[in-house]
Amino acid sequence: MPANLPPQYFEAEKRFRLAKTPKEKISILHEMLAIMPKHKGTDKLQADLRAKISKLNKLSQKTHIKSRRDSLYYVNKEGAGQVVILGEPNAGKSQILTVLTHANPEVASYPFTTHKPIVGMVNFEDIAIQLIDTSPITSDFCEHWLLNISRTADLLLFLVDLSGDVVDQIETIIKKLSEAKVFFENRVLIVGNKNDLNGSEEKFRILKDRYAEKFPVISVSAKEKKRLSELKRKIYDGLNIIRVYTKVPGKPPDKNVPFVLKRETTVLDAARTVHKDFGTNLRYARLWGAGKYDGQRVERDHILRDGDVVEFHIS
Ligand SMILES: Nc1nc2c(ncn2[C@@H]2O[C@H](COP(=O)(O)OP(=O)(O)O)[C@@H](O)[C@H]2O)c(=O)[nH]1
Ligand SMILES: [Mg+2]
């Protein structure tokens with residue numbers, strides 16, 4: 001499969017070659033990873049970039065003690081996907097985290113209490129999604145670590161206070177991300193918060209008129225817990241993932257723990273994820289799911305859908 005890399009990738013690659021410090025190089029590599037389309041054709045390239053990052057990280061940890069703070073604020077991905085909340089002060093970022101997740105014990109383990117990422121897990125049906133509350137973005141300030149997390153997160157949640165100037169809030173976020181060359185176009189969800197307030201409907205309409213063509217846009221009230229299940233569903237949709245369940249011939253499916261896979265994953269890729277030997281020995285699979293009859297035989301290149309139950313047949 002061809003990699004089909006966009007022009008921004010080659011532009012970043014050029015900057016990478018010119019970069020001098022490990023820190024600079026790492027940041028550009030993260031950018032290249034974010035720009036790169038994620039599919040089979042780029043798997044190897046992705047792995048190469050990750051290996052380079054890890055090598056440079058080791059190097060810079062040895063040489064740059066100053067970079068410690070940044071790596072302290074790096075949040076390891078957990079669960080089905082990583083979502084970062086971005087917004088101006090008082091948009092309701094912390095409130096969103098509070099109503100969607102349980103308190104997070106990790107919070108206390110950081111020595112700096114004012115400006116740091118705060119992590120929680122959102123339960124959505126049978127999976128958990130990582131949600132990160134952050135320090136505010138304003139037109140003249142944005143923490144460096146926040147941009148770094150945004151570079152690698154799976155989804156950016158632009159949170160807007162519906163009682164303020166909604167377009168200005170979005171444009172501020174976009175400006176800060178663009179200035180730092182964080183590419184975000186295909187992984188944004190816009191959320192208008194405080195839809196319980198008077199006048200919020202009109203603001204929400206403005207928000208939709210302006211952005212709905214490019215990004216999904218919804219409104220919620222974090223405080224009054226309105227439309228939170230729709231928000232969770234939209235977060236899930238924005239992650240571009242599917243859940244697939246496996247089953248052994250003659251046994252009921254294992255519905256307890258889904259395998260979380262990228263959208264457009266084939267039966268063969270799923271088999272490889274489940275077990276490395278399955279990939280080489282896979283002959284075909286049987287599927288149970290929407291639009292199929294029970295136990296329908298499908299070939300290795302069949303694209304799986306959310307909720308499919310798959311039974312691998314190997315030789
Ligand atoms: N009316 C209303 N107020 C909210 C809502 N969500 C948050 N707030 C209030 O907005 C203020 C800022 O919320 P906070 O979560 O601290 O914002 P942050 O600075 O973005 O983290 C607080 O006073 C919240 O009580 C909401 O849905 N409706
Ligand atoms: Mg806050």
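First listed ligand is number 1; within each ligand, the first listed atom is number 1. These numbers come from the heavy atoms of this one structure, side chains and all, not from hydrogens, waters or symmetry mates.
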### Query
Any salt bridge between K181 and E179, counting N to O under 4.0 Å?
no
### Side-chain donor-acceptor contact under 3.5 Å, Y236 with D306
yes
### Task
Treat each ILVMFWY residue as a node, draw an edge where side-chain heavy atoms are under 4.5 Å apart, and state whether L189 and L159 are in one component.
yes
#### Entry: Residue portion contacting ligand 1 (non-hydrogen atoms closer than 4.0 Å) for L197
side chain
### Task
Name the option, out of K194, E224, Q95, that contains the heavy atom nearest to atom 10 (O) of ligand 1.
K194
### Distance, nearest 0.5 Å, that separates CD1 of I218 from NZ of K234
6.5 Å
### Query
Mind checking whether the Mg ion (ligand 2) has an N, O or S of S94 under 2.8 Å?
yes
### Query
Hey, is atom 4 (C) of ligand 1 touched by any protein heavy atom at less than 4.0 Å?
yes
#### Entry: N or O contact, S94 vs ligand 1, cut-off under 3.5 Å
yes
### Query
Would atom 23 (O) of ligand 1 count as contacted, meaning some protein heavy atom under 4.0 Å?
no
### Task
With the side chain counted from C-beta on, respond yes when Q82 and V75 share a heavy-atom pair under 4.5 Å apart, and no when they do not.
yes
### Query
So is D196 polar-close to ligand 1, meaning N/O to N/O under 3.5 Å?
yes
### ligand 1 contact by G87, heavy-atom criterion under 4.0 angstrom
no
#### Entry: Distance (rounded to the nearest 0.5 Å) between E185 CD and S178 OG
7.0 Å
### Query
Do N57 and Y74 meet the criterion of a side-chain donor-acceptor pair at a distance under 3.5 Å?
no
### Message
Can you report which non-hydrogen protein atom sits closest to atom 12 (C) of ligand 1, along with the distance?
### Response
N90 OD1, 3.3 Å
### Task
Assign the ring pair Y73 / W145 to parallel, tilted or perpendicular, where the plane angle (0 to 90°) is split at 30° and 60°.
perpendicular
### Message
Please determine whether any non-hydrogen atom of A222 lies less than 4.0 Å from an atom of ligand 1.
### Response
yes
### Task
Tell me whether the guanidinium CZ or amine NZ of K255 lies under 6.0 angstrom from the six-membered ring centre of Y245 and within 45° of its axis.
yes
### Task
Measure N193 to ligand 1 on non-hydrogen atoms and call it side chain, backbone, both or neither using the 4.0 Å cut-off.
side chain
### Message
I want to confirm something. Looking only at heavy atoms, which of K225, K93, K223 is nearest to atom 18 (P) of ligand 1?
### Response
K93
### Summary
For atom 14 (P) of ligand 1, the closest protein heavy atom turns out to be G92 CA, 3.7 Å
